[in-house]
Amino acid sequence: MRRIWGGLAVALLALTLWITPAPPAHAEETKLDQLRSGAVPLRVGTDATFPPFESTTANGDKVGFDIDMINELAKRAGIKRVEFIQMPFGNIVPALQANQIDVGASAIYISEARAKVIDFSDIYYPGGLAIFVPEKTDSITSVADLAGKKVALQVGTKSVEWLAQNQPQAIPVTVQTNEQMFTSVKLGQSDALITGAPAGNYFIAQQGGIKQVGERLTAEDYGFAFQKGDAAIRVAFNEALAQMRADGSYQTLADQYFSPKATEQAGEQRRTGIIHPSTIIQSAGEIGRALLVTLQVIVLSLLLSLVLGTLGGLAKLSHVRPINWLGRAYVSVIRGTPFVVQMFFIYFGLPQLGLQLPPMVAGVIALGLYSGSYVTEIFRGAVQSVDVGQLEAARSCGMSGRVAMRYIVLPQALVRMLPPLGNEFVSLTKNSALVSFITIHELFLVGQAIISRTFDALTVYLFIGIVYYLLTNAIGYATGRVEKRLARFI
């Protein structure tokens, strides 16, 4: 027990040191000065699932028109380092507000609603929404025909607001990624989709199976997003953009992605068949790194849940009312609210209260807190399941309450905890996929990036499912073996 408590104390100390915020930069030095000196990187949030604007290569590198534009603009603005952070599109604006990123670069439409909470650069590419339907569909020729139809939309995009205003009788089907919109239409799960015309036509060239209906619905344009009050960086980007237009480098770069020749090359990437093992093989390095991150999240969260569950269990068993109340409140609050809400509160909410945590730390804390509430009840139930007569017999033999708990009650309780603990650790392992929503590059998030590049959802999701199946069965096997070994001493 001494070793266990010592290990738990070390884990808590390491976690405390990990989440200690860095000292603030010198007051006189502006953020742009820091970027130009190379002291800090320019943090760019992007949903790299939207080719040709942004996507991910098999090596894990971000590529696309937006990526090249940001790199060139940053270089011309004198910014030394650029760091691209993968995140769902709907998280980009909250991440800017929470100071998690400095720039949003993900084919973001300039709109009045968004301009109330973030700033935009000058227009860097013309956009506009369009309707896309299956190739063989002739029943949808205009917005009016969408009434009563299921329309796929990417959450957080302009298309969601536009459809609600212009065709409220349509049935919105919101999805997380660009690829999921197209797939839902091709599989018949949705009747149509609304997205940016450039991205839709790129998909048509690359995969086929859909067509655009009519002309563009809107005339909005794309801009890069900045934090409110971060005018210096935005002005520097606008000046660099004007330089690129003036010297012709902007048009050269745009032609690489949107010219007829570029569209033809995209069409040459089509593949046939259902399962493509080459998708996994070509992305092996990317998947390997993501798996290591997944394992790191699982192990750290598991350790934290054990610490919190042990403390919570002891608190609920305590006869000291304030301590007992804290244990009950912890379990009630954490178990009574959704895990995703807790995770978003820690990552996006706490920065507005002055506490900003890195994605990995926020994800581990959220998972550890959530799982720890269940471990608390497992610990309490196991201790209380030991016959109280044994504790009384130990006391009659001269043992103190602490010694009796250590040598009589806890060894038996530990064996009884193992089966439910194994189940809880399996649940924690599966819940670890949800940390992808706060930009942790674990297996599920990287899998979505691969799908956006290859449009091979079946192969990737099947592979991810197999990996999680092996992980959860390994946990079940390990806890079963430990249970059998410990049972000999009871």
Inset, instruction - Would you please test Lys150 and Gln189 for side-chain contact (heavy atoms from CB on, under 4.5 Å) and show each step? - result: CA-CA 8 Å; Lys150 293 182 290 184; Gln189 298 167 340; 5.8 Å; no
Hey, is the main chain of [Y] close enough, under 3.5 Å, to the side chain of [X] for a donor-acceptor pair?
X: Asp255; Y: Thr252; result: no
X: Ser283; Y: Glu286; result: no
X: Glu72; Y: Tyr250; result: no
X: Arg416; Y: Ser385; result: yes
X: Ser452; Y: Ala48; result: yes
X: Gln342; Y: Thr337; result: yes
X: Ser301; Y: Ile298; result: no

Check whether the side chains of [X] and [Y] place a donor and an acceptor atom closer than 3.5 Å, and report yes or no.
X: Asp66; Y: Tyr125; result: no
X: Tyr257; Y: Asp68; result: yes
X: Glu424; Y: Ser371; result: yes
X: Asp47; Y: Gln86; result: yes

If I take atom [atom1] from residue [X] and atom [atom2] from residue [Y], how far apart are they, to the nearest 0.5 angstrom?
X: Thr294; Y: Leu443; atom1: OG1; atom2: CG; answer: 5.0 Å
X: Ser159; Y: Ile131; atom1: OG; atom2: CD1; answer: 11.0 Å
X: Phe50; Y: Tyr202; atom1: CZ; atom2: OH; answer: 12.0 Å
X: Gln212; Y: Ile210; atom1: CD; atom2: CD1; answer: 9.5 Å
X: Tyr347; Y: Leu357; atom1: OH; atom2: CG; answer: 9.5 Å
X: Ile85; Y: Asn91; atom1: CD1; atom2: CG; answer: 12.0 Å

Pairs of donor and acceptor atoms involving the side chains of residues 219-226, under 3.5 Å and at least two apart or interchain, shall be tabulated with distances.
residue: Glu220; atom: OE1; partner: Thr218; partner atom: OG1; Å: 2.4
residue: Tyr222; atom: OH; partner: Tyr109; partner atom: OH; Å: 3.3

Has [X] got more than 12 heavy atoms of other residues, nucleotides or ligands less than 6.0 Å from its [atom1]?
X: Glu215; atom1: CD; result: no
X: Tyr461; atom1: OH; result: yes
X: Arg481; atom1: CZ; result: no

Looking only at heavy atoms, what is the nearest atom pair of [X] and [Y], with distance?
X: Ser106; Y: Phe89; value: O-CE1, 3.1 Å
X: Phe425; Y: Ser305; value: CE2-OG, 4.0 Å
X: Ala290; Y: Val446; value: CB-CG2, 3.5 Å
X: Pro126; Y: Arg216; value: O-NH1, 4.2 Å
X: Gln100; Y: Pro351; value: NE2-CG, 3.4 Å
X: Gly148; Y: Ile171; value: O-CD1, 3.7 Å

Legend entry - Residues that Thr183 engages under side-chain hydrogen bond (donor to acceptor under 3.5 Å, both in side chains), provided they are two or more places apart: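 Expected list: Glu179.
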Flag side-chain contact, heavy atom, 4.5 Å: [X] against [Y]:
X: Leu445; Y: Ile440; answer: no
X: Val103; Y: Leu42; answer: yes
X: Ile140; Y: Leu146; answer: yes
X: Phe120; Y: Ile108; answer: yes
X: Val467; Y: Ile287; answer: no
X: Gln296; Y: Glu442; answer: no
X: Arg453; Y: Pro51; answer: no
X: Leu153; Y: Pro172; answer: yes

Legend entry - Test side-chain contact (heavy atoms from CB on, under 4.5 Å) applied to Leu311 and Tyr330, step by step: CA-CA 11 Å; Leu311 296 176; Tyr330 165 59; over 6 Å; no
Legend entry - Check against side-chain contact (heavy atoms from CB on, under 4.5 Å), Phe463 and Thr459: CA-CA 6 Å; Phe463 176 79; Thr459 301; 5.6 Å; no
Inset, instruction - Using side chain to side chain contact (heavy atoms under 4.5 Å, CB included) as the criterion, point out the one residue from Leu302, Leu434, Leu304, Val435 that pairs with Leu367. - result: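 Single side chain to side chain contact (heavy atoms under 4.5 Å, CB included) partner of Leu367 among Leu302, Leu434, Leu304, Val435: Val435.
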Inset, instruction - Could you check Val185, Asn201, Ile194 and say which one makes a side chain to side chain contact (heavy atoms under 4.5 Å, CB included) with Phe132? - result: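 Checked Val185, Asn201, Ile194 against Phe132; only one passes side chain to side chain contact (heavy atoms under 4.5 Å, CB included): Asn201.
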Inset, instruction - Could you check whether the rings of Phe65 and Phe53 sit parallel, tilted or perpendicular, using 30° and 60° as the cut-offs? - result: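 Correct class here is perpendicular.
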Legend entry - Residues Asp102 and Arg43 bridged, charged N to O under 4.0 Å: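 Salt bridge present between Asp102 and Arg43.
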Legend entry - Salt bridge present between Glu161 and Lys158 (N-O < 4.0 angstrom):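 Salt bridge present between Glu161 and Lys158.
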Legend entry - With sequence neighbours excluded, residues passing side chain to side chain contact (heavy atoms under 4.5 Å, CB included) with Val175: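 With neighbours one apart ignored, the set is Gln180, Met181.
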Legend entry - Derivation and outcome, side-chain contact (heavy atoms from CB on, under 4.5 Å), residues Asn71 and Phe84: CA-CA 10 Å; Asn71 283 325; Phe84 291 98; 3.6 Å; yes
